[in-house]
Amino acid sequence: MATPHIAAEPGDFAPAVLMPGDPKRAERIAHLLMEDAKLVTDVRGMMGFTGTCNGKPLSVMGSGMGQPSATIYATELFSQYGVERIIRVGTCGGIAPQVKVGDAIVGLAAHTDSAMNSLRIPNVHFSAVADFELARAAVDAAPADKNVHVGAIISRDHFYLEVPGQTETLAKYGVLGVEMEAAALYGAAAEFGKQALTVLTVSDHLFDHSSDMTAQEREENFHTALTMAVAAAHC
Ligand SMILES: O=P(O)(O)O[C@H]1O[C@H](CO)[C@@H](O)[C@H]1O
Ligand SMILES: O=c1cc[nH]c(=O)[nH]1
């Protein structure tokens, strides 16, 4: 069995999937966590791996960038491959002043400027929220010596477009950071009655670019977020 975007057989994916945007980060995470990681799909270069982590089955697969891409993979995994929970392991830009580069964020809720979730329920502004059980497991596993923030994030469609006053207003409303997939992932999980969570590494800060990570650092610096994501995957 294959879907249009995943060339895997039934049973090739574990019930829990860690999902970074970057397929190279997926490969790195898979080999870091699992000695027996096996490539189960690489359609369009979007690598997916399955193996055993701490004695339990686990998969890791990239989502690509943006809500349409993440929705395609989440939908196919939830609806065709028996996946029960997806934990996004991403990067984000910091917005709140207390958030610093290198910190981790658990995205309890995801505001969005995307139309994707607004199409889901007629005349309703969909609330994109994480699964509580997964969020609790992730927060409980947060390393004591790391800065971990828990709260609302925003999933924007544009990476580069600046809407005057928007980021400042988001900061005023306590939004922790910006990324590009969580709201859609939470929407897909709600559609299929599954669980989802987003755990992010802050790779830059929108109000202070003096310590932004390089592309290489964004691929490699995810260990606090990963510790929490694994705990959520196996909770
Ligand atoms: O590092 P990832 O997980 O891809 O996440 C962030 O990075 C990408 C933009 O550079 C977007 O996908 C955004 O959500
Ligand atoms: O979407 C993203 C991801 C990282 N940093 C940003 O500023 N935006």
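All ligand and atom numbering here is 1-based and tracks the order in the structure.
- Of the N or O atoms in G64, none lie within a sub-3.5 Å distance of an N or O in ligand 1.
- Within 6.0 Å of OH in Y173 there are 12 or fewer heavy atoms belonging to other residues, nucleotides or ligands.
- Considering backbone and side-chain atoms alike, R88 places an N or O below 3.5 Å from some N or O of ligand 1.
- Taking only nitrogen or oxygen atoms, main chain and side chain alike, G21 reaches within less than 3.5 Å of ligand 1.
- Residue-ligand proximity, M180 to ligand 2, at heavy-atom distances under 4.0 Å covers atoms 1 (O).
- A donor-acceptor pair shorter than 3.5 Å can be found between the side chains of D212 and H209.
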Taking it one step at a time, do F49 and H31 satisfy ring-ring contact (aromatic ring centres under 6.0 Å, His included)? CA-CA 9 Å; F49 299 84; H31 292 304; 5.5 Å; yes
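- Close approach to R218 involves these atoms of ligand 1, each under 4.0 Å from a residue heavy atom: 1 (O), 6 (C), 7 (O), 8 (C), 9 (C), 10 (O).
- In terms of modelled atom types and a separation under 3.5 Å, the side chain of S59 and the main chain of V17 share no donor-acceptor contact.
- Ring-plane geometry between F192 and F78 is classed as tilted, the angle between the planes lying from 30 to 60 degrees on a 0 to 90 degree scale.
- Counted within 6.0 Å of CG on D145, heavy atoms from surrounding residues, nucleotides or ligands total more than 12; the atom is thus considered enclosed.
- Ligand 1 places these atoms under 4.0 Å from at least one heavy atom of E179: 14 (O).
- The minimum heavy-atom distance linking V101 with S211 is given by the pair CG1-O, 3.3 Å.
- Atoms of ligand 1 lying under 4.0 Å from at least one heavy atom of F159, given by number and element, are 9 (C), 10 (O).
- A donor-acceptor pair under 3.5 Å is formed between the side chain of D113 and the backbone N or O of D157.
- The nearest heavy-atom contact from the protein to atom 2 (C) of ligand 2 is V178 O, 3.5 Å.
- For atom 6 (C) of ligand 2, the closest heavy atom belonging to the protein is G93 N, 3.5 Å.
- Counting atoms of ligand 2 from 1 in the listed order, those under 4.0 Å from a heavy atom of S203 are 4 (C), 5 (N).
- Heavy-atom distances between R156 and ligand 2 stay at or above 4.0 Å for every pair.
- Checking only distances, D204 does come within under 3.5 Å of ligand 2, N or O to N or O.
- Nearest to atom 11 (C) of ligand 1 among the protein's heavy atoms is E181 OE2, 3.5 Å.
- Residue-ligand proximity, R218 to ligand 2, at heavy-atom distances under 4.0 Å covers atoms 3 (C), 4 (C).
- With 3.5 Å as the limit, one finds no donor-acceptor pair spanning the side chains of E84 and Q195.
- Under the side chain to side chain donor-acceptor pair (under 3.5 Å) test applied with R156, the options Q67, Q166, H111, E179 reduce to a single match, Q166.
- Among the atoms of L206, none of the N or O lies under 3.5 angstrom from an N or O of ligand 2.
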